[in-house]
Each structure stands twice: as C-alpha cells, then as structure tokens.
Protein chains: 2
Amino acid sequence: MFELDLRSRSPMYEQLVEKIKDLIINNVLKPDEQLPAVRVLASELTINPNTIQKAYRELEHRGYIYSVPGKGSFVKPAVAGDHDARLRALENELLRIISEMLYLGAYPADIITRIQTHLFKDEGGQPDD
Amino acid sequence: MFELDLRSRSPMYEQLVEKIKDLIINNVLKPDEQLPAVRVLASELTINPNTIQKAYRELEHRGYIYSVPGKGSFVKPAVAGDHDARLRALENELLRIISEMLYLGAYPADIITRIQTHLFKDEGGQPDD
DNA sequence: CAACTGTACTACGCATGCTAGTACATACAA
DNA sequence: TTGTATGTACTAGCATGCGTAGTACAGTTG
C-alpha cells in the first residue's frame, strides 16, 4: 500500500505522514476507514513499529486521523474550520510556488489553465481504484 | 538582510537557501548582483562560515547563483530551459497543494481568484523595499 | 606584499532518526 | 477467563547529519 524511499533525506516517518495524508485528501482512504495496524504496516514495510507509531501520532496531532487503543487507527472526517491555519499556510505556499514558476519562465495563462483543469477534473467522475 | 529560526527543525543552511532563493525569484536580488561574502554573512548572523558556504554551494548546485574564487558569489541570471525539471516538480507541488486545499474546504473559484490576483499584481508595479 | 574572496579539510559535541526490546492497557471473541 | 488483536510508552544503542572551531590553500585586487 505504501512505498518508502530509504535514501531520501527526509525521515521515513515524515514520508509516511505525507503519503497517508495524500491518500486521505484524495479520498482514497475514506472517512472512518481503518488504517493498517502499527505492527502489520511495520511488518509490510520491514521497518520498526515505533516508526509507524510516530507517523500515526503525527497524523493524529495534525488532525488527519484518530486512534483508539485496542481498536485501531482511523481516518478522521474533515471538519470545516478545523484546519484554518493550515489553509492559510497552504495559500502562502501556493503563491510562493507560483512566484518561482514565473521566475523560471512559466506563462501565467498556462498556469491558470492547468489549475482549472485540475480543479474540475473530478466533477462527476469516479476515483480510479 | 536575513533572519534565521534557530528553533526550526529544518537546518539553518536549508533555511538560508530558501530565503536567498526567495529574494532571487522575487527580483530583490538582481542578476549578477554580489551576495554577501561567506565570512561577512556568517559574522552578521553569528553563525559559522561553513554553514554559509554550505548554503551557497547548494544554491550554486541548484542553479541560482555562481561563485568565483577570489571574487565572490553572484546571482545567476535565469536561463530558459535550465530549470526544466524544477518547473515540473513545482507544478506537481502546486496541484498537490490545491488538492489539499479542496479537501480542507476551500472553494475552487476562490482559489482561482487569489491566484489571478497574485499573477497580475506586479504588472507595472514596483517591489516594496 | 596585504587583504579580501571562495574552497577544502579534520575534529568534536550534539540532536535526531531508526532500531530492538520490553511492557502495559484496552477491545473483542472463544 | 484466556488468547489475540489493537494502540501506547518506555529504555537503550547505533548511525547520520548539523553546526562549530580551527586550519589551510588558491585566486583576485590594490
């Protein structure tokens, strides 16, 4: 289900956080769906359970999952207003990236077009599973 | 000229790279403009010259500056096609961020509007220095 | 020459990522 | 109850990377 790059400079638990977060925000992992157990995922990835737990702890802290001792870890349904600061940070990041793309020679109209395509690509469609 | 966050998890040299890159892509630092000398900047920031040199080396490797032994380090003029891979990576990052914003409840029309404002805000204007 | 530039290298202290191992509490089914 | 699943919390050790300190060398400029 997941793949890690052992040679990356960023730590494995951080990669895990990003991968799982991506699956959540792209609705591949549905709300309240159960995530792989700490030990199971650790076994699959042949890494230490502590590393998985660290990733889950981080995801819980960021509001993307919730964990119940004895039951498991689950995708947390998005709550409006719960990620307000995060949303502002993302907007800053977005504009920063666009600035850099402009500097590198990208055309404004081109950027807009790609974004619009991306924004409306899921309208009425099914996720390819 | 620069400010560093000693408490950040990301290393100082990496922060420096980002800050300087931002100044370059926002045209605060002009092409062929000389950057502060390694030892000078180190003294100003009260950090080690090696850390500055590491940041400069990284910036040179990424194609944002060039260094000439005995003379100094300078802003490298942007060359079309020179940052092609970087541009593709930025586009991926851009779409990834938008996906997350949508997941967090942002409105597509709102996102487009903000981007357009950003794209055309510099038309005929001056950078606020 | 002197004084500036970038560059290269070693050594040390320290923080962090990751692993290994152990342990405990809860949930659930036999 | 027992067994097995779950998450969680520790300790300990090792490797890596960051940052500092210090030294040294080469090219540029006056």
Side-chain angles (χ1 to χ4, degrees), chain A residues 1-21 24 29-77, chain B residues 1-21 24 29 31-76:
Chain A
M1 190 171 200
F2 308 103
E3 297 161 12
L4 294 182
D5 180 10
L6 298 177
R7 296 168 190 170
S8 170
R9 313 103 202 97
S10 73
M12 290 193 291
Y13 83 91
E14 192 66 38
Q15 292 180 50
L16 255 180
V17 167
E18 291 304 316
K19 296 239 178 193
I20 295 175
K21 198 189 68 182
I24 293 176
L29 293 174
K30 319 288 184 186
D32 292 314
E33 179 174 343
Q34 183 166 7
L35 293 167
V38 168
R39 293 172 182 79
V40 172
L41 186 52
S43 166
E44 282 183 9
L45 300 179
T46 59
I47 61 177
N48 197 277
N50 293 332
T51 305
I52 308 291
Q53 205 238 325
K54 191 168 186 178
Y56 280 13
R57 190 194 312 149
E58 182 63 25
L59 280 164
E60 184 166 23
H61 180 255
R62 295 190 195 176
Y64 289 97
I65 73 173
Y66 62 94
S67 297
V68 184
K71 301 193 70 173
S73 297
F74 307 86
V75 175
K76 185 173 178 182
Chain B
M1 191 172 198
F2 308 104
E3 296 161 12
L4 296 182
D5 180 9
L6 298 177
R7 296 168 192 170
S8 171
R9 312 102 201 98
S10 72
M12 290 193 293
Y13 83 91
E14 193 66 39
Q15 293 181 47
L16 254 179
V17 167
E18 292 305 316
K19 296 240 178 190
I20 295 175
K21 197 188 69 181
I24 293 176
L29 293 174
D32 292 313
E33 179 174 344
Q34 182 166 8
L35 293 167
V38 168
R39 293 173 181 79
V40 172
L41 186 51
S43 165
E44 282 183 10
L45 300 178
T46 58
I47 62 177
N48 197 279
N50 292 332
T51 304
I52 308 291
Q53 206 238 322
K54 192 169 186 178
Y56 280 12
R57 190 193 310 149
E58 182 64 24
L59 281 165
E60 183 167 24
H61 179 255
R62 295 190 194 176
Y64 289 97
I65 72 173
Y66 62 94
S67 295
V68 184
K71 300 193 70 173
S73 298
F74 306 87
V75 175
K76 185 173 176 180

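For clarity, every value in this text was computed on a predicted model and none was experimentally measured.
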Arg39(B) atom CZ is separated from dT28(D) atom C1', nearest whole Å, by 13 Å

With no hydrogens and no angle check, is any side-chain donor or acceptor of Glu60(B) less than 3.5 Å from a backbone partner on Ser73(B)? no

To the nearest Å, how far apart are Glu60(A) CD and dT6(D) P? 17 Å

Phosphate contact (dT6(D) OP1 or OP2) by Ser73(A) side-chain N/O below 4.0 Å: no

Is there side-chain contact between Glu18(A) and Lys21(A), with heavy atoms separated by less than 4.5 Å? yes

At under 4.0 Å between heavy atoms, what does Gln34(A) touch on the DNA or RNA strands: base, sugar-phosphate, or nothing? nothing

B/S/- along nucleotides 8-20 of chain C (protein heavy atoms under 4.0 Å) is -B-------SSBB

Can you tell me the distance, in whole Å, between the CZ atom of Phe74(A) and the C1' atom of dG7(D)? 10 Å

Taking side-chain hydrogen bond (donor to acceptor under 3.5 Å, both in side chains) as the test, write out the residues that go with Asp32(B), two or more places apart. Tyr66(B)

For Pro36(A) and Tyr56(A), the nearest pair of non-hydrogen atoms, with its separation, is O-OH, 2.7 Å

Do you know which two heavy atoms are closest between Asn50(A) and Asn48(A), and how far apart they sit? N-OD1, 2.9 Å

Atom NZ of Lys71(A) and atom P of dG7(D): how far apart are they, to the nearest Å? 12 Å

Side-chain N or O of Ser67(B) closer than 4.0 Å to phosphate OP1/OP2 of dT5(C): no

Please check if the side chain of Glu58(A) supplies one atom and the backbone of Val17(A) the other of a donor-acceptor pair under 3.5 Å. no

To the nearest Å, give me how far apart CG (Leu59(B)) and C1' (dG6(C)) are. 15 Å

